[in-house]
Amino acid sequence: MKAAPPSRRRTLLATVAIAALSAGAVAATGLPASANPGTSGYEEAFNTPVIGGLGDVAVDSYTAQVFASRGGAVDVLDEASGAILTSIPLPGSVMVSLDVDPSRALVWALDSSSRTLSRIDERTNTVTGSVVIPGDPRDVAVDAATGKVFATTGTLGTVVPVDETTLAVGTAIPAGGIAGRIGVDPAAGTLYVVNGVGNSVTVIDEGSSAISGVVAIPSNTVAITVDAAHHKAYLGSADASAVTVVDGSALTTTSIAVPPGGGLGVTALGIDPSTQTVIGTSGSEIFRVDTETGGVRSWSDQGASVSIPDIAVDVFTNTVIYGASNAVVGHWEPVSFLGSVSGIVPAGTPYTQQVNVWSWALAFPIGLSVTSGALPPGLSLNGGVITGTATTPGNYTFSLKATVPSFGDSVTQTYTLRVVDVTRTSGGDRFGTSVEVSKAAYPDPASVGTVYVANGLSFPDALSGGPAAAQDSGPLLLTAPGYLPDTVKAEITRLHPAHIVVVGGPNVVSADVLTALGKLSPDVKRVYGGDRFDTSRAVAAHSFTSAPVVYVSTGLNFPDSLSAGAAAGAKHAPLLLVNGGASSVDAATASLLRSLGTTTIVVIGGPAVMSPALAADFGRFGTVVPVAGGDRFETSQRIIESSFANSSRVILANGLNFPDALSASAWAGKSASPLFITPGGCVPQRTLDDTYFLGATHVTVAGGAAVQGEDVAALTSCGGWSIIAPDYPALALGKAASQKSGGESSGDGHAIGSSLPVNPLTHGTAGR
């Protein structure tokens, strides 16, 4: 997993207010919901000049990043402010077409001049690979459901599929004529390819690569967008003030007249699937088409400034983005949901969530209602707040509709709330908590053969002891350095282990403790070295005969190692402690890695705790996987996102103190459950998001209320913008994609890949 740049934040603009909400009862209608374009206008969100001729624009709604291509580069803009965050070099490029796969955090850039299709990883905003497309490539489109990118080849008359992960080029699909603009319906698996000389569009079944039909369209078609909810393509011709609608199932066409705006032709198109609205330009007008009714309205006189044929839409905030000569312009639609409602809800605990909606018509009330599905039992929508106490665990999917009655504008989004069981595991002190964790992890004493014991007042030795205990299918119990607490003695008596491993030398676990342990098991062994690093190596050598994967963390502090220990245990890998300030791998660690047959080294922590030189030097022993975040909590999330694809349980432990997390890490490793750290008074929003993406149905809080407050048990967010996407009609394909790929469903209609999230970039404290 590549290191991610610092988190960006969506900011609350001072000029934009959240409109007051009024509840209204609306009968369930199911999806897709009708969205009337209404009569109100749009509000400019940003207007950002770029250097050089603008080629194309695209947006990733998950990350609120806008991508704008120009000669030699792709600029990355923060959608909240319009500021250019960075520029990604594409040397020699002239005219670049763009498309985004938000489910994989990938941007695809097709440079016609060099015939190169480049893959950009949003996590690093770097080019991570490229392939050459034959012919004179004209356009690119992504099918997120199948993980395929399609490039048209111009005069060769074909469509070339490329695998998003491997960059393998598939067999070219004949489309006929000059293959130009292309659109994809991922829900139906349909490609629409415009023939630049035959005045036709070729409809192709993606699965079979067979032509379903060829449909006549107006000449000089320059714009295309696809409505995946209704399986139709909308086409714009520079020669006609009308939109041609191609039904991909019936292979028929209809025409929708649009305002001419003082000029002939429809030269740009895009779609907002959350409002079921196609947006386009004709002459000096920007217009909207309701895909349900075919109704058309003008909403702006800025159409003449639109200079490229693609209009992009952020479906989270309903922001329309287009190119205007040498500028990228964003406009908010008349009514928008701000942020996600989807997430996890604790069963049996009072819950409150504000539903934020923005409207251009701030002086008028907004009606908010549930139009399909149902909230979890015990919760209700009161004005703009979901509140109550959820009673029944499970997934509950529902649609919310926001309407400005005075203008007829509306938007519908579909969300999922998962009600989860939350339990607390704790004792009277750190030793007692380690005992309660042991009881929860090993209710059957017969399943335990080995018990690990480590000093509970000092963290280093226990950090490595957690994954080792998980490897030996036993608990990690904490002891006082000079005596064995009675609660721990009682738990070892219950378990009656054949072996006890004491981690640490006589200075950290005294001989008196060993004597007490000797009365509880026939085999008590001390494993230690000259210092914490040597002890870590000794534990790994004792408990692991081989280790293709090894986790490495600094031994000078504990935060990064807590979640790493749980991940290492789940992967049957040791956790090695090293001096993070060193510039190279020491001889003893090098020898151990060779003896374990290690080929992958997961290096935990950024340059503040792990020197870049040391991290790079681990490359001598295999592939280095760096995992780091901006702070201990983000690093915890990165570790889990890179190590777990799904889990029915997550464990929350205090990240500002170590004792409870030490014993919990052994439990987490044994049960292959991720361990997130919290600040003790709330839960980071990204942790809540990841819990949702993992499919967890149970959350365990490790530690008493003094270290993990009641707000943690109530899953109260520390604040921040959730990255859980709403499930709108065109993304119903996510479930099909999950079935095709064998991935786990996240519950909101999006497939979960081999690594959790869509993108590790997080949003900030407020929507705009």
Side-chain angles (χ1 to χ4, degrees), residues 1-8 60 62-63 101-106 121-125 128 165 340 342-344 549 551-553 559-571 573 575 600 602-606 623-653 655 665 668-669 672-678 683-696 699 717-718 720-725 738 741 743-748 750-763:
M1 181 175 178
K2 296 180 175 63
S7 299
R8 297 178 304 104
D60 185 336
Y62 285 89
T63 63
D101 181 352
S103 70
R104 295 174 177 83
L106 296 175
D121 187 335
E122 285 191 62
R123 285 167 280 233
T124 58
N125 282 327
T128 59
T165 302
S340 179
S342 296
I344 58 173
V549 178
Y551 283 67
V552 175
S553 183
D560 293 344
S561 300
L562 296 177
S563 294
K571 299 292 185 183
L575 173 65
T600 300
V602 183
V603 178
I604 307 299
T623 301
V624 174
V625 180
V627 180
D631 57 26
R632 65 184 66 191
F633 305 108
E634 189 178 6
T635 295
S636 169
Q637 294 150 16
R638 302 276 190 230
I639 292 167
I640 290 160
E641 290 167 2
S642 65
S643 302
F644 295 88
N646 52 76
S647 178
S648 61
R649 178 191 300 273
V650 301
I651 299 173
L652 305 179
S665 70
S673 302
L675 184 150
F676 291 98
I677 61 173
T678 79
V683 184
Q685 180 59 48
R686 187 54 186 261
T687 294
L688 296 173
D689 289 349
D690 282 348
T691 299
Y692 181 88
F693 283 125
L694 283 162
V699 176
S717 173
C718 296
W721 182 282
S722 172
I723 64 165
I724 303 172
S738 176
S741 65
E744 296 291 328
S745 175
S746 67
D748 69 337
H750 297 284
I752 296 175
S754 56
S755 66
L756 258 183
V758 199
N759 192 327
L761 293 174
T762 57
H763 295 294

Q.
Holding to side-chain hydrogen bond (donor to acceptor under 3.5 Å, both in side chains), I want the full list of residues that pass it with S717, two or more places apart in sequence or in another chain.
A. Q685
Q | Heavy-atom pair with the smallest gap, counting every atom of V624 and V603 | A | CG1-CG2, 3.8 Å
Q) What is the distance from atom CD of E634 to atom OG1 of T687, rounded to the nearest 0.5 Å? A) 10.0 Å
Q | Nearest atoms (heavy-atom pairs only) where S103 meets D101 | A | OG-OD1, 2.6 Å
Q. Do you know the tightest heavy-atom contact between S665 and L675?
A. N-CD1, 3.6 Å
Q: Walk me through it: do L694 and V650 pass the test side chain to side chain contact (heavy atoms under 4.5 Å, CB included)?
A: CA-CA 9 Å; L694 283 162; V650 301; 3.8 Å; yes
Q.
Could you measure the distance from the CG atom of L688 to the CD atom of Q637? Nearest 0.5 Å is fine.
A. 9.5 Å
Q. Roughly how far, to the nearest 0.5 Å, is CZ of F676 from CD1 of I639?
A. 10.5 Å
Q) Between P674 and I640, what is the shortest heavy-atom contact and its length? A) CB-CG2, 3.5 Å
**Q.** Distance in Å, D689 CG paired with I724 CD1, rounded so as to fall on 0.5 Å steps
**A.** 4.5 Å
Q | Separation between OG1 of T691 and CG of L652, rounded to the nearest 0.5 Å | A | 6.5 Å
Q: State the CD1-OG distance between I677 and S561, to the nearest 0.5 angstrom.
A: 10.0 Å
Q.
Does any part of the side chain of S553, heavy atoms only, come nearer than 4.5 Å to the side chain of L575, both counted from C-beta?
A. yes
Q: Check whether any side-chain N or O of S673 sits under 3.5 Å from a backbone N or O of A668 as a donor-acceptor pair, and report yes or no.
A: no
Q. Sub-3.5 Å donor-acceptor pair from the side chain of R632 to the main-chain atoms of G655, do we have one?
A. yes
Q: Only counting residues at least two apart or in another chain, list the ones meeting side-chain hydrogen bond (donor to acceptor under 3.5 Å, both in side chains) with S636.
A: S563
**Q.** Set of residues satisfying side-chain hydrogen bond (donor to acceptor under 3.5 Å, both in side chains) with respect to S643, sequence neighbours excluded
**A.** Y551
(Q) Looking at every heavy atom in both T635 and G629, which two are closest together, and how far apart are they? (A) OG1-N, 2.9 Å
